[in-house]
Amino acid sequence: MATFKEELMEILKKQLEALKELDSIEMEKTDIIMNDEIEELKSLTVKEERLINEVATLELEREHLLDSWGIGKETSLATIISNIPEEKEDLEKLGEELFNVLKTIEENNKTNNALIKDSLDWIEFNLNLMTNATTPPTYGNENKKSSSKNSLFDRKV
């Protein structure tokens, strides 16, 4: 029968592997967003969703393991490590790796969100230019009907 530490290490290693793969997808996604490669972004998002589901499943396994050993599900890894009597250097190292990968994923995710927001802002700006979007006048004759036409080709030569 495996010890608690061995079972926990196995789950955490699987989580680390999935998170590293997710991190590489996030980095790849940055390049794809910058190059406006929409089809690649769609396929990458499918892979990303699969990995996120895998990480969630592993997290449930970890919670079940903690519960089966009488440890609260919300107990931090640092607390668990401090209470393990046997050698814990490998578990500490694994915890640090997990923390670093999660931090990198978070940073890449923030970058990707900013890039997507910039792209959407740029698209909105260009659409407004193309459709000759105008704001209604604030002052003026109220009896006059405003004739703002939002047409792409509404230009006089």
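Bear in mind that the values here come from a model prediction, so they are computed numbers and not experimental data.
- In this structure, Leu8 is not a member of the same hydrophobic cluster as Leu60, with clusters built from ILVMFWY side-chain heavy atoms closer than 4.5 Å.
- Hydrophobic clustering (side-chain heavy atoms under 4.5 Å, transitive across Ile, Leu, Val, Met, Phe, Trp, Tyr) groups Val55 together with Leu77.
- Residues Lys29 and Asn108 fail the side-chain proximity criterion, which asks for heavy atoms closer than 4.5 Å.
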With salt bridge (Lys or Arg N to Asp or Glu O under 4.0 Å) as the criterion, how do Glu124 and Lys117 come out once you've worked through the C-alpha distance, each side chain's angles and the decisive distance to 0.1 Å?
CA-CA 10 Å; Glu124 182 180 10; Lys117 184 186 179 315; over 6 Å; no

Decide salt bridge (Lys or Arg N to Asp or Glu O under 4.0 Å) for Glu59 and Arg62; before the verdict, give the C-alpha distance in whole Å, the side-chain angles of both, and the deciding distance to 0.1 Å.
CA-CA 5 Å; Glu59 184 61 19; Arg62 188 189 68 79; 2.5 Å; yes

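- Rounding to the nearest 0.5 angstrom, the gap separating the CD1 atom in Ile105 from the CD atom in Glu26 is 7.0 Å.
- Applying the 6.0 Å contact sphere to CD of Glu87 captures no more than 12 heavy atoms from other residues, nucleotides or ligands.
- Once rounded to the nearest 0.5 Å, the distance linking CD of Glu49 with CG of Leu22 reads 11.5 Å.
- Placement of Val46 and Leu51 in two distinct hydrophobic clusters is found when ILVMFWY residues are connected by side-chain heavy-atom separations under 4.5 Å, directly or transitively.
- With 3.5 Å as the limit, one finds no donor-acceptor pair spanning the side chains of Thr104 and Asp23.
- In this structure the side chain of Lys20 reaches within 4.5 angstrom of the side chain of Glu97, judged on heavy atoms.
- If you take NZ on Lys47 and CD on Glu28, they are separated by 6.0 Å, rounding to the nearest 0.5 Å.
- Residues in residues 36-60 take part in no ring-ring contact (aromatic ring centres under 6.0 Å, His included) pair, two or more places apart or across chains.
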Which donor-acceptor pairs under 3.5 Å do side chains of residues 63-71 form with protein atoms, sequence neighbours excluded?
residue : atom : partner : partner atom : Å
Ser68   : OG   : His64   : O            : 3.4
Ser68   : OG   : Leu65   : O            : 2.8

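- A side-chain N or O of Thr79 and one of Ser76 form a donor-acceptor pair less than 3.5 Å apart.
- Contact between Ile80 and Thr75 at its shortest, heavy atoms only, is CG1-CG2, 3.8 Å.
- Separation of atoms CG (Leu94) and CG (Leu12) is listed at 5.0 Å; rounding is to 0.5 Å.
- For Lys13 and Glu17, the salt-bridge test fails: no basic side-chain N is under 4.0 Å from an acidic carboxylate O.
- Counting non-hydrogen atoms of other residues, nucleotides and ligands closer than 6.0 Å to CD of Glu74 gives a total of 12 or fewer.
- The minimum heavy-atom distance linking Ala2 with Glu6 is given by the pair CA-OE1, 3.3 Å.
- With respect to the salt-bridge test (charged N to carboxylate O, under 4.0 angstrom), the residues Lys14 and Glu10 qualify.
- Between the CD atom in Glu92 and the OG atom in Ser82 there is a gap of 9.5 Å [rounded to 0.5 Å].
- With rounding to the nearest 0.5 Å, the separation of CD1 in Ile123 from CG in Asn126 is 8.0 Å.
- The cluster map of Ile, Leu, Val, Met, Phe, Trp and Tyr, joined by side-chain heavy atoms under 4.5 Å apart, puts Leu120 and Leu115 in the same cluster.
- No continuous path of hydrophobic side-chain contacts links Leu58 to Met9 [ILVMFWY only; heavy atoms under 4.5 Å].
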Please table the atom pairs, donor to acceptor, closer than 3.5 Å between any side-chain atom in residues 32-43 and protein atoms at least two apart or in another chain.
residue : atom : partner : partner atom : Å
Asn35   : ND2  : Asp31   : O            : 3.1
Ser43   : OG   : Glu40   : O            : 3.0

